[in-house]
Each structure stands twice: as structure tokens, then as C-alpha cells.
Amino acid sequence: MSRLKIGVLGSGSGSNMQSIVDEIEAGRLDAEVRVVLADVPDAKILDRAKRHGIPCQYLDCAPWKTKLEGPAEDRCIEILRDAGVDTVVLAGFMRIVKPGLLAAFPNRVLNIHPALLPAFPGVHSWTQALDYGCKVAGVTVHFVDGGTDTGPIIVQKAVPVLEDDTPETLHARIQVEEHKAFPEALALLAAGRLSVEGRRVRIDPAGTV
Ligand code: GAR
């Protein structure tokens, strides 16, 4: 068991970060969010962090639009280390992270993806699921490896796709499950119940660790 010291990277509304903070504040997750970084200057995730007194800042990732690399990656690692972070949470961070960050926090970078991986990696996954004609969709929390949405899977939750769904209604249904899945995965990590064997994440039964 160890209290997680989390650094969050995000790009948008921050509802997943909020779900993690809510679980911590309710005493159900043994963790603290040490710092929040956003690659979008006016991202709502920064407002949410401020409301909870969590240190936060904009991280300028120029000149790249889709990845975290070079000086921005170095700066990111420096901020996370200075904050004492041991676990990096990608909560709606719309960039590919590169080997530098993964090497700085080995096996401690987690991502949430709004699809049942390995189906529909990339962006707007709920729209991809709808357009494909899927009858179920869902969410995956996984360790991040060198690929895009390819790392070992920790938690998945499924939702039905309904006849009258739009991309917005399906994404909203998926987000309800996202807000359970990320705290659940982090609680397993905090409890020392996760071990990675190749592609498989083993979850030790409660009480045996
Ligand atoms: C979430 O739906 C998350 O799964 C998705 O962005 C949204 C962020 O929402 N992430 C990705 O698509 C990553 N490929 P939030 O800012 O409210 O947490």
C-alpha cells in the first residue's frame, strides 16, 4: 500500500480529474493530486484544479500539435518531479507521450481511452463505435507503453449503444463509466494489487497483499 502522488495531464474539461479528486476527498482513494498540467491555456481542467487548491499550470508544447516531445517534455518531467509525483495520469490529454516521459515514470503512466481497446484507438472513439454499428461501447484504463492506446489494460467498462444515440449521447454514457473506471484503477494501483506480465495486468484478490 502506498499513497499515490499523482500528476495529471489534460487538455479539456477535466471531468476525469474531477472524479479522481472527488474520490480522494471522500476518503475512498489513498492518493493526492500534486499538480495538474494542461497543454491548452484556457482548459477547464485548470479551473477545476484551482477550485480544489491544486497547483496547476499551462504547459506550452509548441511547436508540436499532437505529441509531447523535446523541451516541453523535459519541462513536464521537471515539473512533475519537483512536485514529488510518482504516478502520471493522462486524463483527456490529447497528445502522444514519448519515451522520455515513460522512462522517467516507468510503469507509472496511466491513460483513459473512451473505447473498448483494442477497438477504436485515436480520436473521437465514440463516433467511430457508432459509425461502425457497434451494439456495445465503453472505456479502457491502461498503462501507457510506446504505442498509441496500446498498453496493458487495467480496467474496462462497457455501455450499450442505443438506437437513437448521437455521438454526444453515447460519449455522455461512456463518461459516466469513465468516472468510475479511473478511480477504480488507481485504487488497485495504490493498494499494490496490480502486476504486469507481458500484455496482461494481474489483479491480486483483495486482502492477499
Ligand atoms: C474523455 O472522454 C477521455 O476518455 C478522452 O477525452 C475525454 C476527456 O474528458 N480521452 C481521449 O480521447 C484520449 N485519447 P475530460 O477532460 O472531461 O476528462
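No hydrogens, no waters, no symmetry mates; every other heavy atom, side chains included, goes into these values. This one's a predicted model, so the numbers in the text were calculated from it and none came from an experiment. When a ligand or atom number is given, it counts from 1 through the structure's own listing order.
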Regarding His52 and Gln18, is there a side-chain donor-to-acceptor distance under 3.5 Å anywhere?
yes
If you measure only the distance, is there a donor-acceptor pair under 3.5 Å linking the side chains of Ser15 and Arg48?
no
Evaluation steps, side chain to side chain donor-acceptor pair (under 3.5 Å), between Thr87 and Arg108
CA-CA 5 Å; Thr87 304; Arg108 299 291 285 202; 3.0 Å; yes
Could you check [atom] against the protein and tell me its nearest heavy-atom contact, residue, atom and distance included?
{"atom": "atom 17 (O) of ligand 1", "value": "Ser15 OG, 2.5 Å"}
{"atom": "atom 12 (O) of ligand 1", "value": "Pro114 CD, 3.4 Å"}
{"atom": "atom 14 (N) of ligand 1", "value": "His113 ND1, 3.5 Å"}
{"atom": "atom 1 (C) of ligand 1", "value": "Glu178 OE1, 3.2 Å"}
{"atom": "atom 16 (O) of ligand 1", "value": "Gly14 N, 2.8 Å"}

Part of Lys44 within contact of ligand 1 (heavy atoms, under 4.0 Å):
neither
Does Gln175 approach ligand 1 within less than 4.0 angstrom via side chain, backbone, both or neither, non-hydrogen atoms only?
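Near ligand 1, Gln175 shows its side chain, while the N, CA, C and O stay back.
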Under 4.0 Å between a side-chain nitrogen and a carboxylate oxygen: does that hold for Arg200 and Glu197?
no
Does a salt bridge link Arg34 with Glu32, judged by any charged N lying under 4.0 Å from a carboxylate O?
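Yes.
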Between ligand 1 and [X], is the shortest N or O to N or O distance under 3.5 Å?
{"X": "Asn16", "result": "yes"}
{"X": "Asp149", "result": "no"}
{"X": "Ser13", "result": "yes"}

Are more than 12 heavy atoms, taken from residues, nucleotides or ligands other than [X], located less than 6.0 Å from that residue's [atom1] atom?
{"X": "Lys44", "atom1": "NZ", "result": "no"}
{"X": "Tyr132", "atom1": "OH", "result": "no"}
{"X": "Asp165", "atom1": "CG", "result": "yes"}

Please state whether Ile112 comes within less than 4.0 angstrom of ligand 1, counting heavy atoms only.
yes
Is it true that Met94 lies under 4.0 Å from ligand 1, counting heavy atoms only?
yes
Which ligand 1 atoms does Gly92 reach within 4.0 Å, using its non-hydrogen atoms?
6 (O), 8 (C), 10 (N)
Hey, which of Glu184, Glu178, Glu177 is the one that makes salt bridge (charged side-chain N to carboxylate O under 4.0 Å, His left out) with Lys157?
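Filter result, single survivor: Glu184.
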